[in-house]
Amino acid sequence: MKRGFLILVGILLLFSALMVGYTLTQTYEFNGYVLPQPVKAPEIALRSADGAVRLGDFQGKLVLLYFGYTSCPDVCPTSLANIKLALADLTPEEAAQVQVIFVSVDPARDTPEALGRYVKMFQDDFIGATGTRQEIDWMVNAFGAKYIIEAPDEKGDYSVSHSAYTMVLDRNSYYIMNWAHDTPSIAMSQDLHYLLAHEIPISAQILAGPTYTPVVCAVTLIPAHVRNGQWLYEHHCAQCHGMDMAGNPQWQVELADGSHLAPPLNGSGSAWQYPETDLLTLVKEGRNLDKPIHMPAFKSALADWELEFILSYVKSTWDVNQLNYQHGFMTLTPNPTATPAAPLAPLITVTPSP
Ligand code: HEC
């Protein structure tokens, strides 16, 4: 009896350890196509039955944008109905943070009023908007979408071919992802749920400040690598670069023989300014090996994957600007962070599918 109980406890413990391990290492895969480079919504005022609509007006919410037209026989109604179903899977609090906007690429037939009536057949708070041909072209091009007004038949009726995906704009009005036409509503609501709970993925964290080119941070920091990297760092690097990566306090002083003490590796130093490969080479090959104080070569002491782990840990102290810069996604040099950035959370892998 007692033994059976112990075995049961053992099994339960093992199971919960596995569960913890699983949740720590699991990464979320979006059901849509995540743009390698998010696109800032253009500042165009479209017209709706209730007045002007700018995509930027919905900052703080996720916007689901769809290009279509009201005479669209089946694709648009299916998409709108699907979006409605996806929203119905969310809690009311979540759904309140999502705005659906249907933009007509057929302004010749779709007046703002007709559009308003059309979208309300699906859901009361959907917005229908349109603009001049020029405004629409501008927006469609900015988002890399397409449409073609087909030749009219003898009665003058025409159809419009258009991109049939639903576009997701993050809370800062950046277009970050789209769902193909046949994406099930449950897959969409899963993604929305995730986006609402975790904000935008790190790969889409955008720098909207005027000094930075808005770019994506496509750096993937895998939590397990960061944690293992920390252990390795503490055993191989911390004695010179410090437990906090702040370097030797005297690192800027040039010693008599021209050598330097270990510099910071966190955001206050300049390690983030080296391209990825240079950084790895530096750690593998060392630097100033002829000087008494030098950066030792680690190529025979540590395997490449161990060095990658260490660098993941080092990177977890850089801010998004620095990560972007290091990976060549940002041209302007950000200011070094005076205080090291808090470790990045949440850490997510985003694998864009072509
Ligand atoms: C024995 C001390 C020592 C150890 C251990 C050590 N380093 Fe260094 N490291 C240095 C010194 C000294 C420099 C500066 C050398 C120079 O100026 O050429 C340096 C420079 C660097 C730089 C270049 C930074 C910059 O801003 O130019 C990087 C990156 C680096 N080390 C990473 C590491 C990593 C990663 C580890 C652990 C795997 C490590 N170091 C272990 C002493 C050390």
Side-chain angles (χ1 to χ4, degrees), residues 24-25 202-203 207 211-213 215 217-345 347 349:
L24 285 176
T25 51
I202 182 169
S203 66
L207 315 156
T211 47
Y212 301 125
T213 329
V215 276
C217 175
V219 184
T220 302
L221 293 175
I222 300 165
H225 293 190
V226 173
R227 271 194 312 278
N228 291 324
Q230 176 171 8
W231 190 90
L232 290 162
Y233 176 90
E234 285 167 3
H235 287 78
H236 294 279
C237 323
Q239 75 259 38
C240 296
H241 290 278
M243 282 303 254
D244 54 358
M245 293 191 212
N248 186 296
Q250 301 291 308
W251 69 275
Q252 270 159 321
V253 180
E254 192 176 286
L255 305 175
D257 58 12
S259 58
H260 288 90
L261 293 161
L265 300 182
N266 61 29
S268 68
S270 55
W272 54 271
Q273 294 182 21
Y274 296 98
E276 183 75 11
T277 43
D278 293 7
L279 197 60
L280 193 62
T281 314
L282 201 159
V283 183
K284 282 174 91 163
E285 307 295 333
R287 194 168 70 190
N288 284 335
L289 294 174
D290 55 327
K291 298 244 168 68
I293 293 176
H294 61 261
M295 167 64 195
F298 279 90
K299 63 180 168 203
S300 46
L302 293 169
D304 277 11
W305 62 266
E306 289 177 305
L307 294 175
E308 303 275 4
F309 282 10
I310 293 178
L311 293 179
S312 286
Y313 175 57
V314 167
K315 286 179 192 177
S316 72
T317 64
W318 302 348
D319 68 24
V320 176
N321 294 345
Q322 293 169 329
L323 285 169
N324 270 328
Y325 181 84
Q326 205 237 357
H327 280 253
F329 297 131
M330 188 153 80
T331 40
L332 285 162
T333 319
N335 294 324
T337 40
T339 43
L344 291 161
L347 304 160
T349 324

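Whatever order the structure lists them in is the order used to number ligands and atoms, beginning at 1. In what follows, every heavy atom counts, from backbone to side chain, and hydrogens, waters and symmetry copies are set aside. Residue numbers run from 1 in the order of the sequence given.
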Self-check item: Least distance between heavy atoms, Val226 atom then Ser312 atom
Solution: CG2-O, 3.9 Å
Practice problem: Run through ligand 1 for me and note each protein residue having a heavy atom under 4.0 Å from it, chain first, then residue number. | Solution: His236, Cys237, Gln239, Cys240, His241, His260, Leu261, Ala262, Pro263, Leu265, Ser270, Ala271, Tyr274, Leu279, Leu282, Val283, Arg287, Asn288, Ile293, His294, Met295, Pro296, Phe298, Ile310
Show me the side-chain donor-acceptor pairs of residues 292-306 shorter than 3.5 Å, one per line, residues at least two apart or across chains.
residue, atom, partner, partner atom, Å
His294, ND1, Lys291, O, 2.8
Lys299, NZ, Glu285, OE1, 2.7
Asp304, OD1, Lys284, NZ, 3.1
Asp304, OD2, Lys284, NZ, 3.2
Glu306, OE1, Ala303, N, 2.8

Exercise. Return the minimal non-hydrogen interatomic distance between Trp251 and His260, and the atom names on each side.
Key: O-CD2, 3.5 Å
Exercise. Could you tell me the separation between the CG atom of Asp290 and the CG atom of Asp257, rounded to the nearest 0.5 Å?
Key: 9.5 Å
Quiz item: Can you name the nearest heavy-atom pair linking Glu308 to Leu280, along with the distance?
Solution: OE2-CD2, 4.0 Å
Self-check item: Residue pair Glu234, Gln230: steps toward the side chain to side chain donor-acceptor pair (under 3.5 Å) verdict
Solution: CA-CA 6 Å; Glu234 285 167 3; Gln230 176 171 8; 3.1 Å; yes
